[in-house]
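Following: one structure in structure tokens, then a few remarks.
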Amino acid sequence: MKLYSTRNPNVLVDLETAVFKGLADDKGLYLPEKFIPFAPSFFDEIEKYSFQELCLKVCEQLFQGEINSNDLKAIVNNAITFDAPLVKLEEGLHILELFHGPTLAFKDFGARFMAQLLSYLNKDKDKKTTILVATSGDTGGAVASGFFNVPNIDVIILYPSGKVSPLQEKQLTTLGGNITALEVDGTFDDCQSIVKRAFLDNELSKKFNLCSANSINIARLIPQSFYYFEAYKQLENKKDITFIVPSGNFGNLTAGIFANKLGLPVRNFIAATNENDIIPKYLSTGLFEPKPSIQTISNAMDVGNPSNFERLLSLFGSTWNNEEINIESYSINDKETQNGIKNTYNQYRYLIDPHTAVGYEVYLKNKNKISNGIILSTAHPSKFDKNIYAELASKIEIPERLSNLEALEKNSINISIEFNDFKDYLNSKG
Ligand SMILES: *Cc1c(COP(=O)(O)O)cnc(C)c1O
């Protein structure tokens with residue numbers, strides 16, 4: 001498998017390079033050079049595969065022998081340890097539940113797969129890999145859980161003191177082992193600039209094998225294509241499917257496009273955004289105008305400069321609608337989002353989180369042209385502030401893996417925003 005940088009299609013790298021680098025030297029993002037579609041007969045018999053077997057098939061099709069089948073099987077089986085069930089709300093409307101992983105959001109798929117893949121790629125190196133990640137909340141939890149106890153890897157998470165939710169903080173600070181949480185006396189931006197400086201620091205890069213678990217990493221995107229196949233497999237009626245994808249950085253949507261390019265017989269994708277409507281605006285005006293992000297109740301999608309736009313542009317140019325694919329995008333405000341939560345509960349006795357609700361409202365707005373819709377449910381409702389749910393808050397069922405966290409002891413190391421503080425800490429480890 002070879003990958004190219006969105007800024008220079010002529011320079012190809014192998015999977016290992018793309019995963020360790022994350023971002024290409026020219027600051028472009030990596031994309032697979034080619035997708036070889038499955039034969040149509042594969043889809044005729046897709047129902048015979050378990051979810052894990054299907055994930056392995058997708059990997060083999062993408063990697064084309066770059067990793068041998070036995071090792072690939074171990075990577076998949078260690079990463080994908082939970083299901084992605086499809087729930088039918090009514091004829092022609094389904095929810096794909098992507099929140100059955102340890103941190104209750106779809107980001108578990110990407111973080112767990114990346115952890116297993118890195119550990120495999122690192123196994124013959126003499127140095128451990130040290131993952132650095134700055135988090136404003138959600139990503140850190142998925143990365144901490146995904147990399148926990150993975151051999152040959154240490155993880156250092158920087159988070160802004162007092163600025164993540166108590167539950168998120170517990171997800172970052174209670175694992176121990178190879179996961180260290182640095183509590184920074186500053187903001188998320190301060191955390192991020194420490195991480196950025198660390199990657200530019202010659203002394204540190206000589207001493208450590210530093211790597212970022214940032215969401216632009218191709219290793220996080222690849223596993224997100226698995227569940228598009230899984231959804232297709234579970235559908236009774238496989239005709240004229242439309243995926244509705246709650247979107248922020250548009251990684252999840254891009255993974256759906258990978259599935260389309262691997263031959264999945266689905267042509268229609270609708271990206272649902274909150275008031276951060278950069279892509280809906282782009283598709284209606286042709287102008288891409290990033291802005292500072294606007295805070296909403298679907299906060300994991302508060303993105304004013306969606307990073308995967310660069311990948312989408314490289315794949316499609318300005319025409320996101322052709323014989324093979326049709327990508328549309330619409331925006332929803334907070335009031336509509338709250339209505340979406342209420343209405344799905346009242347109509348189907350099914351409680352959705354605010355991100356999924358953005359998807360549902362976009363579905364409603366386009367209902368006349370969707371005959372067979374699948375909304376990706378990106379997180380479990382219990383992850384978010386109860387106030388969002390108003391009188392429905394009492395209906396939230398808190399999964400055990402979340403309620404267990406509350407009793408655990410927080411363990412973090414305090415540092416200032418001075419880079420040297422961070423460096424001293426890291427050097428003391430090495
Ligand atoms: C990250 C996230 C999203 C947005 O996904 P992108 O791949 O960035 O578009 C949506 N919902 C939830 C719950 C998330 O955590």
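The structure displayed is predicted, hence computed values, not measured ones.
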Which residues satisfy the side chain to side chain contact (heavy atoms under 4.5 Å, CB included) test with [X], sequence neighbours excluded?
X	value
Leu315	Leu31, Ile257, Lys261
Glu45	Lys48, Tyr49
Asn122	Phe20, Lys125, Thr129, Asn152, Asn209
Lys233	Ile46, Glu47, Leu54, Glu230

Would you mind reporting whether [Y] and [X] have side-chain heavy atoms less than 4.5 Å apart?
X	Y	answer
Arg267	Asn321	yes
Ile415	Asp185	no
Val19	Leu117	yes

Show me the side-chain donor-acceptor pairs of residues 90-108 shorter than 3.5 Å, one per line, residues at least two apart or across chains.
from   : atom 1 : to     : atom 2 : distance (Å)
Glu90  : OE1    : Tyr348 : OH     : 3.0
Glu91  : OE1    : Lys88  : NZ     : 3.0
His94  : ND1    : Gly373 : O      : 3.2
Glu97  : OE1    : His100 : NE2    : 2.7
Glu97  : OE2    : Tyr350 : OH     : 2.6
Thr103 : OG1    : Asp108 : OD1    : 2.7
Thr103 : OG1    : Asp108 : OD2    : 3.2
Asp108 : OD2    : Thr103 : N      : 2.7
Asp108 : OD2    : Leu104 : N      : 3.4

Under the salt bridge (charged side-chain N to carboxylate O under 4.0 Å, His left out) definition, can you give me all pairs with a residue in [range], not counting sequence neighbours?
range	result
residues 325-345	Glu328-Lys369, Glu336-Lys365
residues 296-325	Arg7-Glu310
residues 61-80	none
residues 153-170	Lys128-Asp154, Glu169-Lys410

Practice task
Could I get the full list of ring pair (Phe, Tyr, Trp, His ring centres under 6.0 Å) partners for Phe35, not counting sequence neighbours?
Solution key: Phe258
Fill in the blank from the handout: Residue set satisfying ring pair (Phe, Tyr, Trp, His ring centres under 6.0 Å) with Phe63, at least two apart, ordered chain then number -> none
Problem - CD/Gln295: more than 12 non-hydrogen atoms of other groups inside 6.0 Å - result: no
Which donor-acceptor pairs under 3.5 Å do side chains of residues 281-289 form with protein atoms, sequence neighbours excluded?
from   : atom 1 : to     : atom 2 : distance (Å)
Lys281 : NZ     : Asp277 : OD2    : 3.3
Ser284 : OG     : Pro280 : O      : 3.4
Ser284 : OG     : Lys281 : O      : 3.3
Thr285 : OG1    : Lys281 : O      : 2.8
Thr285 : OG1    : Leu287 : N      : 3.1

Problem - Polar contact flag, side-chain donor to acceptor under 3.5 angstrom, Asn274-Asn276 - result: yes
Exercise for the section: Flag this pair as yes if the NZ/CZ of Lys57 is under 6.0 angstrom from the six-membered ring centre of Phe38 and inside a 45 degree cone about the axis; otherwise no. Expected result: no
Problem - Pair Phe250 and Phe309, ring centroids less than 6.0 Å apart - result: no
Practice task
Assess whether ring-ring contact (aromatic ring centres under 6.0 Å, His included) is satisfied between Phe109 and Phe226, documenting all intermediate values.
Solution key: CA-CA 9 Å; Phe109 283 95; Phe226 299 163; 7.8 Å; no
